[in-house]
Amino acid sequence: MTIRIYNTLTRKKTPFVPREGGGNGMYIRLFVCGPTVYDYSHIGHARTYVAFDVIVRYLRYRGYEVYYLQNITDIDDKIIARARETGMNCQELAGTFTRAYLEDMRALRVTSVRKYAPATEYIDAIVGQVQQLLELGYAYELDDGYYYDVSRFQEYGKLSGRTLEDAEDTVSRIDDARGKRNKADFCLWKRFKPGEPYWESELGKGRPGWHIEDTAITETEFGPTYDAHGGAQDLIFPHHEAEIAQMEAISGQKPMVNYWLHTGFLKVGGRKMSKSLGNFITIREALQSWDVDTLRLMLISTHYRSPINFTETAMTESRDRLRYIREARKAGVKAGDMKPWIARFVAAMDEDFNTPSVVALLFELAKQMHKTGEDLTPALDEIGEVLGIDFHPPVDQLPHELLAMIKHREELRRQKRWDEADHLRTELEKRGILVKDTPEGTEWTVDRPESRSK
Ligand SMILES: [Zn+2]
């Protein structure tokens, strides 16, 4: 079986075939648009980054080596505006929110990104790409910077089916300038204005436009063409369209990217999330109310391409499901056959990463354990590791019997009955409990699937 992926570019689901190079057809280069670091990330971001985290974990589970690259937009109009509001300098502000973003990702257990690439570390590559676009006649100069002439790129619009922004575009960052050749032309290099950060370059003092950051980063890390590009749906136009126009014009090679994957919108309580509606939720706020396992389970209960509605009810449901699945662990008394369950898991994930089917499967598996006493925990743990969800009960809910074993072992140590204590340690390990003896007494942790992965 091969993995089939829905591709925004071809508007079809097709078998996933990596490009050649990097070792027997099992090497994948994936780029996903990262955040603009001017504020805390919200649960809409969580949706996208958890979705790609699960996708990459699954590809690795299936034996692929994935170079997962993400940019960090650490210079942008939004950063400059926020820095002015708060009285911080841009670098400080971007640094603060880059750190906050990485903390949020750790808290969300998004561990699959191999490299985070801040745009400001790629200024030379950005300048180089703008120069090439000028030489090739795709770019022109205006008073306030350099622009891309979309009428020169025949296939402009091939990803999105559009060539113009409309009022609905929330993140289009339309570059308004007098003298643009076409309404949709976008800025590649913004000329220095007093009070703004700048770099000295052969294009003059200035800073990068938004779209060029990503192609400069991907060309540096991957080359002009690569396997897959992801991001939230609202980035398709003009951001991803612009990336194609830049890179394919420069390299003359197409397609720049073989597979385009986009995540659906997240709404809160059925409405678009916004600060003015009072339904804006940051990742940290969400994780104060809910644990990461509940949140991840809720997010993957909807297919990554579909819109998702974040509600109290959906979260409560997810928490209850998780509890039901975890409780099934205790029901297992006789060895069960995990093979058919794993086969069904793989079949669901191979079909464009159908996580809602997997959630239903887990529920069915737990039900089976509750009903028949079959122990299917190895299947549960294997699937949990790919989903980044811990199906062990939280530590404070350790079964009474295990707590008693830990206590008994402490007593044995006090009596210096080392052999018996060691034997009990092995018994506990078999059940997934790691004990450590410290001068303060015995500490213990649950050997979660998470901590076993490299
Ligand atoms: Zn991007």
Side-chain angles (χ1 to χ4, degrees), residues 8-9 29-39 41-42 44-49 51-53 55-56 67-79 94 97-98 101-102 105 110 112-123 125-126 129-130 133 148 150 156 158-160 162 165 169-175 184 186-190 207-250 255-265 304:
T8 310
L9 183 64
R29 297 174 182 88
L30 166 72
F31 176 76
V32 172
C33 284
T36 300
V37 281
Y38 69 103
D39 205 345
S41 301
H42 54 69
H45 297 119
R47 197 273 156 103
T48 294
Y49 298 126
F52 283 105
D53 185 56
I55 287 172
V56 172
Y67 184 171
Y68 178 6
L69 173 69
Q70 221 183 77
N71 69 303
I72 304 260
T73 299
D74 58 348
I75 179 68
D76 185 76
D77 293 350
K78 291 181 182 181
I79 293 173
F97 287 111
T98 300
Y101 173 69
L102 296 175
M105 289 303 111
V110 169
S112 54
V113 178
R114 190 196 281 184
K115 181 168 186 168
Y116 289 102
T120 55
E121 290 177 16
Y122 293 80
I123 299 294
I126 291 166
Q129 286 201 339
V130 179
L133 289 169
Y148 189 101
V150 298
Y156 195 69
K158 69 177 169 181
L159 178 70
S160 58
R162 294 167 53 186
E165 285 104 351
D169 294 327
T170 46
V171 292
S172 64
R173 308 183 206 195
I174 298 161
D175 297 308
F186 51 87
C187 195
L188 297 164
W189 184 259
K190 299 184 188 228
R207 61 187 171 92
W210 179 34
H211 315 307
I212 198 83
E213 295 177 359
D214 288 0
T215 47
I217 289 168
T218 54
E219 191 186 16
T220 305
E221 303 295 336
F222 291 163
T225 58
Y226 55 99
D227 298 290
H229 189 316
Q233 216 171 53
D234 53 0
L235 296 181
I236 298 176
F237 189 85
H239 186 49
H240 293 159
E241 199 70 60
E243 281 189 46
I244 294 175
Q246 290 164 173
M247 197 65 247
E248 291 187 4
I250 290 169
M256 166 179 91
V257 167
N258 284 13
Y259 300 89
W260 287 87
L261 286 77
H262 291 103
T263 50
F265 293 113
Y304 75 92

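Whatever order the structure lists ligands and atoms in, that order sets their numbers, starting from 1.
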| task | Could you check His240, Gln246, His239, Glu241 and say which one makes a side chain to side chain donor-acceptor pair (under 3.5 Å) with His211? | result | His239
| query | Parallel, tilted or perpendicular: which describes the rings of Phe31 and His229, with under 30° parallel and over 60° perpendicular? | reply | perpendicular
| message | I'd like to verify the contacts: list protein N, O or S atoms under a distance of 2.8 Å from the Zn ion (ligand 1). | response | Cys33 SG, Asp214 OD2, His239 NE2
| request: Could you label the plane-to-plane angle of the Phe222 and Tyr226 rings as parallel, tilted or perpendicular, counting under 30° as parallel and over 60° as perpendicular? | output: tilted
| query | What about Tyr148 and Tyr156, are their ring centers closer than 6.0 Å? | reply | no
| remark: Those residues at least two apart in sequence (or on a different chain) that pass side chain to side chain donor-acceptor pair (under 3.5 Å) with Arg207 are Asp77, Glu196
| field | Basic-acidic side-chain contact under 4.0 Å: Glu221, Arg114 | value | no
